[in-house]
Number of protein chains: 2
Amino acid sequence: MATRRIRARRGDGALLRDEILCAAEQLLVETGTEDALTLRAVAGRAGVSTPSVYLHFADKEALVEAVCLRVWDELGALFAEAAASCDDPFLALGRCGRAYARFALDHPVQYRVLMMRPSTGEDAAAACLRHMVGAVAACVETGVLRGEPEKLALALWSAVHGCVSLFIAQPSFPWPDDREALIDTVVRAAGFGGAMYSRLPRDLPPSAELAEELDEFGARVTTRTRARAKR
Amino acid sequence: MATRRIRARRGDGALLRDEILCAAEQLLVETGTEDALTLRAVAGRAGVSTPSVYLHFADKEALVEAVCLRVWDELGALFAEAAASCDDPFLALGRCGRAYARFALDHPVQYRVLMMRPSTGEDAAAACLRHMVGAVAACVETGVLRGEPEKLALALWSAVHGCVSLFIAQPSFPWPDDREALIDTVVRAAGFGGAMYSRLPRDLPPSAELAEELDEFGARVTTRTRARAKR
DNA sequence: TCGTCAACTTGACGGCGTCAACCTAGAAGC
DNA sequence: GCTTCTAGGTTGACGCCGTCAAGTTGACGA
């Protein structure tokens, strides 16, 4: 902790950058909050004086953002894995949504800092949306989703981001026991919603009538699915 | 600003509480960020010394929460208005969703502070969910939605919260021009998704097959709606 | 008129982000 | 081997922050 770092050799000044990032990440994960991420604490853990941080980061904000961005590569890998895990693009989309949620809940502090604050995380958000658009586009291509992929992706992204961000930001809220199941519900509902919204007219039939149609549709798909399963 | 406040009379000490809240709310709205809400600035605007704030608020966090909670009554009124504006519960649910989004975007700072931070806003979140459950329950009663109202409400809430929280937290993101339209998409998709998710089997048919079913369903509802419109 | 106590103020403390000025070790030139 | 120079840091200070213990003030009841 308080052990002074041996000064880097000439030309290796950038080594400190990585050590600072590691120290900051440790602090963030250990304490579970970015409030513990003071420049003094980070520098102390890196075995370096406080202003040395400014040799590699413009200000505290830049350090925090850089730390949180470190985990963002994982998201790309998780998405790729989820997308490749299954031939059917609609099922793959669902897995992507679940993978996204897992990623966010695995890195709650980083997710909150980058996604729930103004003036940070624009790049991270762009990456999220880009991945979403990719998974959605495959569904549009096969016709199960209809509409502009951007718009659809934003709607799906909103749903899953909303769910996990509530979990993260309101940890003491009496959520249902099985969060996994709730995420599943949200992802499925968002997917179905995306499939429906551009197929239904703007002027909806009255609820009772719509309910009947929905019942009928649901029953037909269910029986056909069961029949196929028996084959 | 720097004009000293005339000391309240005996028994009227609580008057200061309201004046502090007003000063803080002004600062919050004027600057657009809670970072400007320092105790010194608030006390100064209220014409009072800094530690006087502690006569009415346990700490800064309590002050900030109290300030942000001030606008939350509006949400109840907006929900009630949206729910009463239309007989059909499913349409009313959509209007509730849009009202929720409007509320959040009208009070971005308050919404962010209470909903996107840990250890604050539990009551606010509970209020949001409660209103949602009310609007959803009416839909479940008429059969257009199916399933547990709590679960459904959480899914719908997630979707609209996700959308507005992204808008609020990422103001510099290149969002589509018409945010209103995007909110509309999200609300509609979430509503349809909620209607579908418990009607469809867990094992979905392959995408291509599902796409056909969806097309057929959409076409039937559309033609029937048009026919009804001509009548 | 006077004591009392509610309604504040004073002054200080430690911690924070940030910055200008200073040091210092090790590679380069002679 | 000695000097010089500069990359790679450190020192010490500034102003702002939230918070608190102790002091002050002035309206009201007796």
Side-chain angles (χ1 to χ4, degrees), chain A residues 1-24 27-28 30-31 33-68 109 113 117-120, chain B residues 1-24 27-28 30-31 33-68 109 113 117-120:
Chain A
M1 312 290 164
T3 60
R4 275 268 264 276
R5 194 181 88 108
I6 1 99
R7 186 224 268 278
R9 298 206 300 198
R10 277 209 169 187
D12 290 346
L15 286 180
L16 181 54
R17 190 191 149 90
D18 241 16
E19 297 180 28
I20 290 175
L21 281 175
C22 286
L27 265 170
L28 208 60
E30 282 174 18
T31 64
T33 165
E34 72 269 30
D35 295 341
L37 211 69
T38 69
L39 289 184
R40 283 168 167 84
V42 170
R45 182 167 288 226
V48 121
S49 77
T50 308
S52 292
V53 176
Y54 287 92
L55 296 173
H56 297 284
F57 302 95
D59 52 12
K60 190 196 176 178
E61 197 62 33
L63 166 64
V64 172
E65 179 161 6
V67 170
C68 294
V109 197
V113 169
R117 282 179 158 204
S119 67
T120 350
Chain B
M1 311 295 157
T3 62
R4 275 269 262 278
R5 193 180 89 109
I6 2 98
R7 187 221 268 272
R9 298 204 302 196
R10 275 208 170 185
D12 290 348
L15 286 180
L16 181 55
R17 189 190 149 90
D18 242 17
E19 297 180 27
I20 289 175
L21 281 175
C22 287
L27 265 170
L28 207 60
E30 282 174 16
T31 64
T33 165
E34 70 271 27
D35 295 341
L37 212 68
T38 70
L39 290 184
R40 283 167 167 84
V42 170
R45 182 167 289 227
V48 123
S49 78
T50 308
S52 291
V53 176
Y54 287 91
L55 297 173
H56 297 283
F57 301 95
D59 53 13
K60 190 196 174 175
E61 197 62 34
L63 167 63
V64 172
E65 180 161 6
V67 169
C68 293
V109 196
V113 168
R117 280 177 160 205
S119 67
T120 352

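Throughout, protein chains are lettered first and strands after them, A, B, ... in sequence-line order, and every chain is numbered starting at 1.
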Note to self: Judged by each residue's nearest nucleotide on DNA chain D, which is more toward the 5′ side, A/Gly13 or B/Arg7?
What the structure shows: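 Going by which nucleotide is closer to the 5' end, it is A/Gly13.
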Atom-to-atom span, [atom1] of [X] to [atom2] of [N] - whole angstrom:
X: B/His56; N: D/dC20; atom1: NE2; atom2: C1'; result: 17 Å
X: A/Asp12; N: D/dA7; atom1: CG; atom2: P; result: 14 Å
X: B/Ile6; N: D/dA27; atom1: CD1; atom2: P; result: 11 Å

What pairs of nitrogen or oxygen atoms, one from the protein and one from nucleotides 12-18 of chain D, lie under 3.5 Å apart?
{"from": "D/dC17", "atom 1": "OP1", "to": "B/Thr38", "atom 2": "OG1", "distance (Å)": "3.4"}
{"from": "D/dG18", "atom 1": "OP1", "to": "B/Leu39", "atom 2": "N", "distance (Å)": "3.3"}
{"from": "D/dG18", "atom 1": "OP1", "to": "B/Lys60", "atom 2": "NZ", "distance (Å)": "3.1"}
{"from": "D/dG18", "atom 1": "OP2", "to": "B/Leu39", "atom 2": "N", "distance (Å)": "3.0"}
{"from": "D/dG18", "atom 1": "N7", "to": "B/Arg40", "atom 2": "NH1", "distance (Å)": "2.6"}
{"from": "D/dG18", "atom 1": "O6", "to": "B/Arg40", "atom 2": "NH2", "distance (Å)": "3.1"}

For residues 48-55 of chain B, which side-chain N or O atoms pair as donor and acceptor with protein atoms under 3.5 Å away, sequence neighbours left out?
{"from": "B/Ser49", "atom 1": "OG", "to": "B/Ser52", "atom 2": "OG", "distance (Å)": "3.2"}
{"from": "B/Ser52", "atom 1": "OG", "to": "B/Ser49", "atom 2": "O", "distance (Å)": "3.4"}

Report task. Shoot me the first and last contacting nucleotide of DNA chain C against chain A, ordered 5' to 3', at under 4.0 angstrom to non-hydrogen atoms. Result ->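 Both ends considered, the range comes out as C/dC16 to C/dA27.
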**Study point:** B/Glu30 CD to B/Arg45 CZ distance, which is reported to the nearest 0.5 Å
**Key:**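 B/Glu30 atom CD to B/Arg45 atom CZ measures 4.0 Å (nearest 0.5 Å).
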For the student: nearest non-hydrogen atoms of [X] and [Y], plus distance:
X: B/Asp12; Y: B/Ala8; result: O-CB, 3.5 Å
X: A/Phe57; Y: A/Ala66; result: CE2-CB, 3.9 Å
X: A/Thr31; Y: A/Leu27; result: OG1-O, 2.8 Å
X: B/Ala36; Y: B/Ala41; result: O-CB, 4.0 Å
X: A/Leu37; Y: A/Lys60; result: O-CE, 2.9 Å

- Task: Would you please name every residue forming a side chain to side chain contact (heavy atoms under 4.5 Å, CB included) with B/Glu65, sequence neighbours left out?
- Result: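 So B/Glu65 forms a side chain to side chain contact (heavy atoms under 4.5 Å, CB included) with B/Leu69, B/Leu114, B/Thr120.
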Checking all strands, does A/Leu16 fall into the base, sugar-phosphate, or nothing category for heavy-atom contacts under 4.0 angstrom?
sugar-phosphate
Q.
For D/dA7 and A/Arg9 - does any side-chain N or O of the residue sit under 4.0 Å from the phosphate oxygens OP1/OP2?
A. no
Every protein N/O lying under 3.5 Å from an N/O of nucleotides 2-4 of chain D:
none

I'd like a table of donor-acceptor pairs (distance under 3.5 Å, sequence neighbours excluded) in which one partner is a side-chain atom from residues 14-22 of chain A, with atom names and distances.
{"from": "A/Arg17", "atom 1": "NH1", "to": "A/His56", "atom 2": "O", "distance (Å)": "3.4"}
{"from": "A/Glu19", "atom 1": "OE1", "to": "A/Arg5", "atom 2": "NH1", "distance (Å)": "3.1"}
{"from": "A/Glu19", "atom 1": "OE2", "to": "A/Arg5", "atom 2": "NH1", "distance (Å)": "2.8"}

5'-most by nearest nucleotide on DNA chain C - A/Glu61 or B/Ala8: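 Going by which nucleotide is closer to the 5' end, it is B/Ala8.
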side-chain contact (heavy atoms from CB on, under 4.5 Å) test vs A/Val64 passes for just one of A/Val113, A/Asp59, A/Val109, namely A/Val113
